[in-house]
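Shown next, in structure tokens, is the structure this report addresses.
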Amino acid sequence: MPHASSTFSSLALGHAHAGHIAAYTPQNAPYQTQPGQSGYNQCGTGYNQSSECQNVYLNTVQDFCLWAPPYPGSTIGDTEQVEVAWCMQSGYGTRLIPDGTITGAHLVVTPDYVQVTGVGNLTNLNILENDQGGELGYYGATGGGYPLGGLVFSSAFGQLQQIETWTSFISYDLFCFRACRPSVNASTLCQDTYSVMGCEWNMPANYSAGTFEQCVGDSGQPMGIYGTSTFSQGQPATPPPLPIPSSSSCTFYNTISNGQGLLPSEAASTRVTEVPITSGAETSFPPRALAEL
């Protein structure tokens, strides 16, 4: 298992997100929500494998999206500011996740957040083979989020709404995405402080292949808090992940599909362009890694 270097740390610690106005819907969002944004938030309907839509949705295990690069053969570290939405369902004006890409997905709705975790061949989403990926989040290095201007929506709590506070990791074979319901707990349950710790440390959950399930569950403990102690990234000893929260009332599916029959061979963007090398202050780290700090 790879380990992240202790040389780097997230610069998002302790910041409050001021870049977005938590009142958008997909219909009333402006064309772009951040200066310098590479994509757009007025995305229309249907799907387009060259789309640069930067709206994602976490609704059900059959209807969720992931952030991934717009350009083939990319690393998350090189494209974290410009990731685009790849979704399991058409209708959002995004790119579609090709059938067969997701080989295991586990969505849980808790009182405080909706979360999807899983595995797959995420090279189908333009991620370079063996890229250990990194963190994407609502704040980023500049306050506009990674990706810059990215919006998150969910109907998991009832009516579709923008979810302002969220965190995500993705690599070539593993993903996790948590969107926190607006509340006083959101910033602690969806903090982007532990950027070198990855999915399994930040979001203890089921990551197994071959299972597609949707459950209700208990909210986990805030990452990094162990009783009366708070772990700080960079301390000499790294504590283990917190326990996986309990879940129940699960619905299981044999598989999930984009409903359009889109396969990996049809998914690549037709746009030919160079991959931008970002100069953001945050550096990406392996979603799997439990750092030896």
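Keep in mind that the numbers below use all heavy atoms, side chains included, and drop hydrogens, waters and symmetry copies. Owing to the predicted nature of the structure, the values given are computational and were not obtained by experimental measurement.
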Rounded distance [0.5 Å steps], [atom1] in [X] versus [atom2] in [Y]:
{"X": "L128", "Y": "T123", "atom1": "CG", "atom2": "OG1", "answer": "9.0 Å"}
{"X": "D63", "Y": "S155", "atom1": "CG", "atom2": "OG", "answer": "7.0 Å"}
{"X": "T165", "Y": "R178", "atom1": "OG1", "atom2": "CZ", "answer": "12.5 Å"}
{"X": "F212", "Y": "I256", "atom1": "CZ", "atom2": "CD1", "answer": "5.5 Å"}
{"X": "Q115", "Y": "C215", "atom1": "CD", "atom2": "SG", "answer": "11.0 Å"}
{"X": "W86", "Y": "C53", "atom1": "CH2", "atom2": "SG", "answer": "12.5 Å"}

Can you tell if the side chain of [X] reaches within under 4.5 Å of the side chain of [Y], non-hydrogen atoms only?
{"X": "L148", "Y": "V82", "value": "no"}
{"X": "D173", "Y": "V119", "value": "no"}
{"X": "E83", "Y": "Y146", "value": "no"}
{"X": "N126", "Y": "P72", "value": "yes"}
{"X": "C180", "Y": "D112", "value": "no"}
{"X": "V61", "Y": "E213", "value": "no"}
{"X": "I102", "Y": "M88", "value": "yes"}
{"X": "C176", "Y": "N202", "value": "no"}

Please confirm whether the backbone N or O of [Y] pairs with a side-chain atom of [X], one donor and one acceptor, at under 3.5 Å?
{"X": "S51", "Y": "G93", "answer": "yes"}
{"X": "W201", "Y": "P239", "answer": "yes"}
{"X": "Q162", "Y": "Y24", "answer": "yes"}
{"X": "Q37", "Y": "T33", "answer": "yes"}
{"X": "D99", "Y": "N258", "answer": "yes"}
{"X": "Q62", "Y": "S257", "answer": "no"}
{"X": "Q49", "Y": "R95", "answer": "no"}
{"X": "T79", "Y": "T75", "answer": "yes"}
{"X": "N124", "Y": "P264", "answer": "no"}
{"X": "E129", "Y": "Y172", "answer": "no"}

Closest heavy-atom pair and its distance - [X], [Y]:
{"X": "N41", "Y": "P30", "answer": "CB-O, 3.5 Å"}
{"X": "D218", "Y": "T110", "answer": "O-CG2, 3.5 Å"}
{"X": "P204", "Y": "P241", "answer": "CG-CB, 4.2 Å"}
{"X": "T94", "Y": "C87", "answer": "OG1-SG, 3.2 Å"}
{"X": "I163", "Y": "P182", "answer": "CD1-CD, 4.3 Å"}
{"X": "W67", "Y": "N55", "answer": "CH2-N, 4.2 Å"}

Same cluster or not: [X] versus [Y], using hydrophobic residues (I, L, V, M, F, W, Y) connected whenever any side-chain heavy atoms lie under 4.5 Å apart?
{"X": "L96", "Y": "L66", "answer": "no"}
{"X": "Y253", "Y": "V109", "answer": "yes"}
{"X": "L189", "Y": "F231", "answer": "no"}
{"X": "Y47", "Y": "L58", "answer": "no"}
{"X": "Y226", "Y": "M223", "answer": "yes"}

How about CG on N254, more than 12 heavy atoms from neighbouring residues, nucleotides or ligands closer than 6.0 Å, or not?
no
Go through the steps for F177 and L136 under the test side chain to side chain contact (heavy atoms under 4.5 Å, CB included), then give the verdict.
CA-CA 9 Å; F177 203 135; L136 304 163; over 6 Å; no
Please walk me through it: do S154 and N59 pass side chain to side chain contact (heavy atoms under 4.5 Å, CB included)?
CA-CA 5 Å; S154 180; N59 297 328; 4.2 Å; yes
Any idea how F64 and F175 line up, ring-wise: parallel (<30°), tilted (30 to 60°), or perpendicular (>60°)?
parallel
Could you walk me through whether Y207 and L174 pass side chain to side chain contact (heavy atoms under 4.5 Å, CB included), step by step?
CA-CA 8 Å; Y207 288 87; L174 183 77; 3.4 Å; yes
Apply side chain to side chain contact (heavy atoms under 4.5 Å, CB included) to residues V114 and V108 and explain how you reach the verdict.
CA-CA 6 Å; V114 56; V108 61; over 6 Å; no
Filter on ring-ring contact (aromatic ring centres under 6.0 Å, His included), then keep only pairs touching residues 88-129, sequence neighbours left out; what's left?
Y57-Y92
